[in-house]
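Report on the following structure.
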Amino acid sequence: MEKKKILVLGGGFGGVFAAKALEKLGRGTLEVQLVNNNNYFVFQPLLPEVASSSINAADAVVPLRQLLTNVQVRQAQVMGIDFAKKAVTVMQGARMTPVELRYDELVFALGTGVDLARIPGMADHSLTMKDLTDAHMLRTHVIGCLETADVTTETLVKDQLLTFVVVGAGFSGVETAAETRELIRRALPYYRNIKPEEIRMYLIEYAPRILPTFPGDLAAYATKQLEKNGIHVLTGIGTKSATSTGVELTNGRIINSSTVVATIGNGPHPLVQQLGLDLHWGRIKTDRYMRVPGHDHVWALGDAALIPLVDNPQEDPADYATQTAQFAVREGYQLAQNIVAKFKGQELKYFAYTSKGSLASLGMSKAVADVYGVKLSGLLAWLLWRGFYLSFLPGFAAKFRVGVNWILNSIMPPNIVQLRMPPPATRYIHFWKGDKVFEPGMLIDGFYTVINGSFKLTIDNPETGEHFEKVFGPGEHFGERVLIKSELRTGLVEALEDGLLLFIAQKDFTRFARAFPFLDQYFKEYIEKTFGGPDKAFAPGNVAAQQPELEKTP
Ligand SMILES: Cc1cc2nc3c(=O)[nH]c(=O)nc-3n(C[C@H](O)[C@H](O)[C@H](O)COP(=O)(O)OP(=O)(O)OC[C@H]3O[C@@H](n4cnc5c(N)ncnc54)[C@H](O)[C@@H]3O)c2cc1C
């Protein structure tokens, strides 16, 4: 008999545990294939510890091929689904070419996306905490801030570098703030020019209290503990906008900071929005068996799915499975049983599960736990937190590696090696009114196009006393002299109102302009027209760059 093809999309908690159970229950009768964009499974609850250097990035993940030895694992990007044809299109391989995969039953477990579009600037200026790259970037960024703050003598810049903001105080926000604070605390003895009292960290939550899924008294304990660790907890306040220099809160307060971590904004997976499925709260509606109504061979689970726990669910989140790892794992088992039962012509079973509780780490060997109705806090809760996640990690090798990381981290100095990741060559940068884009004496970095708002360029020639001013609006540009010379800036550009610029790094802009002779010509003529030609007063190179006052070694 031909084996039935089961295609699982997504290698997170839902997809992995469904594939594992399918392979076991349907051995010999099912051909299980799992598609994931990375070749590893991310244990998300440990990401804040990766950010804090407690665990090496590669040790918080498990290779999918070693986890699912009898499942065909395919590293590819899911691009589309044709339900009528029962086919999924994925992009894969060195040239990222499309490939069509056929299925008899499809399991959708791609998780959620991040949607920060409601808060201007947040998507462009915040770090997120969803996958391994995010955790690695946060760690690198925090260490980078300490390195720069240690050598700068500009007080304002130093303040900004040493101020850290985490937005959202669910368990990922709380754990991210606590672990980042812990990394900074342990790293500070190696940064002689930074005093502990110069560090400021804020945890911002729109709801009246943090950790909404925990009982009130545990949330109160957690708040007290975080405050004790030097984290200012601001509740009942949202964020209004963000720029490269900080966040604006809904009460009008501006916090200048070089680090904003957004743990808010769980949105629908981008693919889900194109499939024409019935969505609610951005999640795919399923029946109680996890089947997607209207599509006989499609199932959904995990964070992507809205699985009812009662017959007539109301607009109450308690009527649905929660978006947690413990639910996704249970859903995976039940979904596999239902698919096997379907092929055997047996009765399917409703998904039913009651949360066993929640745990959240607070740093400094403290945690809160609400397990089987028993409330714990402090060191005991923290030991429980560690023990629970160690047992929950799939595979002996992963448990062993994480255990060794924890032991080494408790007896060794923190790892403050900064493995730098270059910023994207092209990026949006938001500015508030009065912000400086660049000023005389700064090294030329790139080319800017105004997307919205207005920006004023001022150049003063100290030798001739001449003064030049120009205001740029949407569609106009400045900084094009990077095509001519790589030297220090001679002009000052300030935002006249809140605005947005598109930045292109010097090397990439120069390559691009040189590749299109008409562009190169356009910029040469523009410089001639605007600044009066290469031999005129404000032509690039004719105004001596005003050297910044040499910083004194702190
Ligand atoms: C920082 C953090 C801490 C957390 N802590 C806890 C905790 O302590 N306890 C708890 O119970 N829960 C916790 N959670 C929540 C828990 O991790 C999620 O509920 C769980 O991961 C959901 O599983 P999933 O399989 O639905 O989605 P995911 O685990 O997100 O898996 C989705 C998979 O699909 C892949 N994918 C996405 N798009 C594509 C595509 N187009 N093509 C190919 N592959 C794709 C992704 O790479 C990923 O591997 C935490 C979450 C975070 C972010």
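Counting starts at 1 for both ligands and their atoms, in listed order.
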If you measure every N/O of [X] against every N/O of ligand 1, is any gap under 3.5 Å?
{"X": "Asp303", "value": "yes"}
{"X": "Glu175", "value": "no"}
{"X": "Ala325", "value": "yes"}
{"X": "Val78", "value": "yes"}
{"X": "Phe13", "value": "yes"}
{"X": "Asn36", "value": "yes"}

Under 4.0 Å between a side-chain nitrogen and a carboxylate oxygen: does that hold for Lys5 and Glu105?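 No, no charged N to carboxylate O under 4.0 Å.
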With heavy atoms of Gln326 as the reference, note each atom of ligand 1 found under 4.0 Å away.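 Counting atoms of ligand 1 from 1, those under 4.0 Å from Gln326 are 11 (O).
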Looking at Ala76, which atoms of ligand 1 are within less than 4.0 Å of one of its heavy atoms?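 Matching atoms, with element in brackets: 42 (N), 43 (C).
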Can you sort out the partners of Arg200 under salt bridge (Lys or Arg N to Asp or Glu O under 4.0 Å), two or more places apart, ordered by chain and number?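 So Arg200 forms a salt bridge (Lys or Arg N to Asp or Glu O under 4.0 Å) with Asp159.
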Set of residues satisfying salt bridge (Lys or Arg N to Asp or Glu O under 4.0 Å) with respect to Lys375, sequence neighbours excluded: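 Once residues adjacent in sequence are excluded, the partners of Lys375 under the salt bridge (Lys or Arg N to Asp or Glu O under 4.0 Å) criterion are Asp217.
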Just let me know how Phe41 lines up against ligand 1, side chain, backbone, both or neither, with a heavy-atom cut-off below 4.0 Å.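 Under 4.0 Å from ligand 1, Phe41 contributes no heavy atoms.
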What protein heavy atom sits nearest atom 47 (O) of ligand 1, and how far off is it?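 Its nearest protein heavy-atom neighbour is Asn37 OD1, 2.7 Å.
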Protein contact to atom 25 (O) of ligand 1 [nearest heavy atom, distance to 0.1 Å]: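 Looking only at protein heavy atoms, the one closest to atom 25 (O) of ligand 1 is Gly14 N, 2.8 Å.
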Would you say the side-chain atoms of Thr243 pair up with the backbone N or O of Thr245, donor to acceptor, closer than 3.5 Å?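 Yes.
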Can you measure from CD1 (Ile6) to CG (Asp104) and round to the nearest 0.5 angstrom?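 Atom-to-atom, Ile6:CD1 and Asp104:CG are 6.5 Å apart.
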Atom NZ of Lys349 and atom OH of Tyr333: how far apart are they, to the nearest 0.5 Å?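 Spacing of NZ (Lys349) from OH (Tyr333) equals 15.0 Å.
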Would the Trp281 and Tyr320 ring centres measure less than 6.0 Å apart?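 Ring centres of Tyr320 and Trp281 closer than 6.0 Å.
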